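The block underneath contains the structure these notes are about, expressed in structure tokens.
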There are 2 protein chains.
Amino acid sequence: MNRRSPNRPPTLEEVALRAGVGRGTASRVINGSLQVSEAARNAVLQAVQDLGYVPNRAARSLVTQHTDVVALVVSESEDRLFGEPFFAQVVRGVSSALAGTSRQLLLAVDHRDSDRQRLNDYLSKQHVDGVLLLSIHGDDPLPGQLAARGVPAVLGGRPHSAVTSLPFVDMDNAGGAALAVEHLVAGGRRCVATLTGPLDMGAGRLRLEGYTSALAGHALPTLVEHGDFSENSGRVGARRLLERAPDLDAIFCASDQMAIGALAELAAAGRRVPEDVAVVGFDDSPTSRHTTPSLTTVHQPVEDMGARMVQTLSRMIEHPGDPVEDVVLPTHLVVRRSG
Amino acid sequence: MNRRSPNRPPTLEEVALRAGVGRGTASRVINGSLQVSEAARNAVLQAVQDLGYVPNRAARSLVTQHTDVVALVVSESEDRLFGEPFFAQVVRGVSSALAGTSRQLLLAVDHRDSDRQRLNDYLSKQHVDGVLLLSIHGDDPLPGQLAARGVPAVLGGRPHSAVTSLPFVDMDNAGGAALAVEHLVAGGRRCVATLTGPLDMGAGRLRLEGYTSALAGHALPTLVEHGDFSENSGRVGARRLLERAPDLDAIFCASDQMAIGALAELAAAGRRVPEDVAVVGFDDSPTSRHTTPSLTTVHQPVEDMGARMVQTLSRMIEHPGDPVEDVVLPTHLVVRRSG
DNA sequence: CATCTCTGTGGGAGCGCTCCCAAAGGTGCG
DNA sequence: CGCACCTTTGGGAGCGCTCCCACAGAGATG
């Protein structure tokens, strides 16, 4: 009995033996090398079938120095990401883009409480071939560390400050915000306020920028209140806005959640939407179709973003050293009832 | 220059060398063995620090025969899972439960188009320590294959037929449905219809069961129309219901999405909700708070489900052979305006 | 017919780690 | 002081794979 210990899966060696070839030849067949005779190939393929052979990834990784795994790191600090479908959409884009390749998706949720050190260690070249970074806040050191360690990585969303050399894929946040403001102005609104997102995130900052510059183009005044993308901050912000400028006739909100909060606050204050005040959101989340009134909002191609991130990352992995370009995806306005 | 080839990360051997100990001792320290002298331990720890050593998982897996990775397989056939926050909530529950352990989450989206064979191969003992299965339809062979191969696995949601020996974690779907019906009946409704989910899923079947048995308890007639959890199927189903029984005064929908569709159809038909017809959904999705009128619905602890799945799986991995029990999590009714 | 290709092949070396065995050193007892 | 027994240690073996070198044999060339 030279059978191996308690039913371990078959090894390449066993496949080779059964096919009557050497280990090298078997390996060549498995990896699709062309330098193999028809006969040998068939024999090996047959043996693989018979034995139900599956290559051992660990062994392969050990020698090839890559793992065929890419990590998607979600810095979920606000658990906003989970409240919104945004996250799920990115995952979907990422995973369908990955489905074409042989790479697997490792999902790493970066809970602020769990020790970051371990994540950090895990994100080395030994464990993943590349990293997708989502929703990076302020001056998170992670992107820099990855860049320094030479781990291929792509940012989802433009970083707050362009300190790192990592490429990013982002929506046209400023453009989308401008679109919203233009629509409001075209509709005759003259006192257009905004509720911003967190300014330590690119999305927050750029949506404000788009708002500001669009209004500047019309020589209209700005009215800004800061929030954090959450429904509650929308409510609070709207209240303040109403106090500061009772005559405002439009609010551009940096997220649908905030718009929902604003809608509630406006209703409580007896303002009709859109007659008295127009409201426009950002994200085109599923919920935006069911608010009262339904929400005019800026649509962003979230799923595409995930896919493009994968595309960019794949290029970085396969052609290290090649220059990579940032990607900015177009947004468009979805006009519904609120403005 | 006995430096190794182009800057590979440091190995255990190098750590040992620098610490002035043997490879074995270094390994013992890294893995927290107690059989090490204080001096040796400190020396190794110091060397690890200095070198920035991170153990190579592939090498370790190769010998230990486990990977510290668990896969979450999502059979996303209907892309319903991504439309709803359900999926994101499960992921959150799973990943926070995993945060306590040293295991990583591998997310495998089982697109029906991408070849299933590869997924199947990947889900062997060589690659993952265990598998979490979500949203298994009808008689998917996957659970059986995993069970046969001896890969620890846990089902999220009771399987359609109890053919496999895999344990599951589920919500109390029948109980929740009964709760909804009881509420409707207590509110004076006498013609309570239901829009079911897909009956090849446990959730679909059991919600119908709860509905049926609750009505039976009151000797009230049933009125059933089948759907697939989607908004559109809710719309279509509601229309048919209205044709079949114009005098119906309540609809219990197997999902919030379906309830939203029903709400739209009811409005189109000129029925007032809840005056003429009461509507109750299932899921307590975020959207349910913003429908018109806001939706009474059955809340299910999705996040908890993810966590319990991890718990169960961990037990199976750590104590193979031990008996494992199915888990059924309680649901409760959230009463809003629609019924 | 010798030589020089070229394709196809077998198998040694070695990836970085854990396991385990044997040996070294210390302690306590008779 | 010798022996048994413990703790601590070093390092060989080997996990399953790919890489690569050497070599056999078939054809092409002089």
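Residue numbering restarts at 1 for every chain, and letters A, B, ... go by the order of the sequence lines. Since the model is a prediction, treat every value here as computed from it, not as a measurement.
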Handout entry: Spacing of B:Gln65 atom CD relative to D:dC17 atom P, expressed in whole Å
Key = 10 Å
Exercise for the section: Respond yes when some side-chain nitrogen or oxygen of B:Gln35 is under 4.0 Å from OP1 or OP2 of D:dT8, and no when none is. Expected result: yes
Exercise for the section: Check whether any side-chain nitrogen or oxygen of A:Asn31 sits under 4.0 Å from OP1 or OP2 of D:dT18, and answer yes or no. Expected result: yes
Handout entry: Short side-chain N/O contact to D:dC15 OP1/OP2 from B:Thr64, under 4.0 Å
Key = no
Exercise for the section: Look at A:Thr25 and C:dG8 and indicate whether a side-chain polar atom (N or O) is within less than 4.0 Å of OP1 or OP2. Expected result: no
Exercise for the section: Looking at every strand, decide which applies to A:Ala58 at a 4.0 Å heavy-atom threshold: base, sugar-phosphate, or nothing. Expected result: nothing
Completion exercise
B:His127 atom NE2 is separated from D:dC15 atom C1', nearest whole Å, by 14 Å
Handout entry: Side-chain donor-acceptor contact under 3.5 Å, A:Asp68 with A:Gln104
Key = no
Completion exercise
Comparing nearest nucleotides in DNA chain D, the 5'-proximal residue of the pair B:Gly24, A:Ala59 is B:Gly24
Problem - Whole-Å gap separating P (D:dT18) and CD1 (A:Ile30) - result: 8 Å
Problem - Whole-Å gap separating C1' (D:dG16) and CG (A:Asn56) - result: 6 Å
Fill in the blank from the handout: Ranking C:dG10, D:dC15, C:dC15 by distance to the side chain of A:Arg8, first place goes to D:dC15
Fill in the blank from the handout: Atom CG of B:Asp68 and atom C1' of C:dT18 are separated, to the nearest Å, by 14 Å
Practice task
Scan A:Arg23 against the nucleic acid and name what it touches under 4.0 Å (heavy atoms): base, sugar-phosphate only, or nothing.
Solution key: base
Completion exercise
Out of C:dT9, C:dC17, C:dC15, minimum distance to the side chain of A:Ala40 belongs to C:dT9
Problem - Sugar-phosphate, base or nothing in reach of B:Ala16, heavy atoms under 4.0 Å - result: nothing
Exercise for the section: With rounding to the nearest 0.5 Å, note down the distance linking CG in B:Leu17 to CG in B:Leu12. Expected result: 11.5 Å
Fill in the blank from the handout: Taking for B:Leu62 and for B:Ser37 the nucleotide of DNA chain D with the nearest heavy atom, the one nearer the 5' end belongs to B:Ser37
Handout entry: Any B:Ser27 side-chain nitrogen or oxygen under 4.0 Å from OP1 or OP2 of C:dT18
Key = yes
Practice task
List the steps and the verdict of salt bridge (charged side-chain N to carboxylate O under 4.0 Å, His left out) for B:Arg18 and B:Asp50.
Solution key: CA-CA 9 Å; B:Arg18 181 175 238 266; B:Asp50 297 347; 2.5 Å; yes
Handout entry: N or O in side chain of B:Arg57 less than 4.0 angstrom from C:dG16 OP1/OP2
Key = no
Practice task
May I ask you to check whether over 12 heavy atoms, not counting those of A:Arg103, lie within 6.0 Å of atom CZ?
Solution key: yes
Problem - Whole angstrom value for the distance that separates P of C:dT9 from CG of A:Leu34 - result: 13 Å
Handout entry: Main-chain N/O of A:Ser61 paired with A:Thr67 side-chain donor or acceptor, under 3.5 Å
Key = no
Practice task
Could you state the atom-to-atom distance from CG of B:Leu17 to P of C:dC17 in whole Å?
Solution key: 14 Å
Handout entry: Residue pair A:Glu13, A:Arg8: steps toward the salt bridge (charged side-chain N to carboxylate O under 4.0 Å, His left out) verdict
Key = CA-CA 13 Å; A:Glu13 191 92 42; A:Arg8 287 266 197 95; over 6 Å; no
Handout entry: Candidates D:dT18, C:dG8, C:dC17 - which lies nearest the side chain of B:Val63
Key = C:dC17
Problem - A:Arg28 CZ - D:dC17 P separation (whole Å) - result: 15 Å
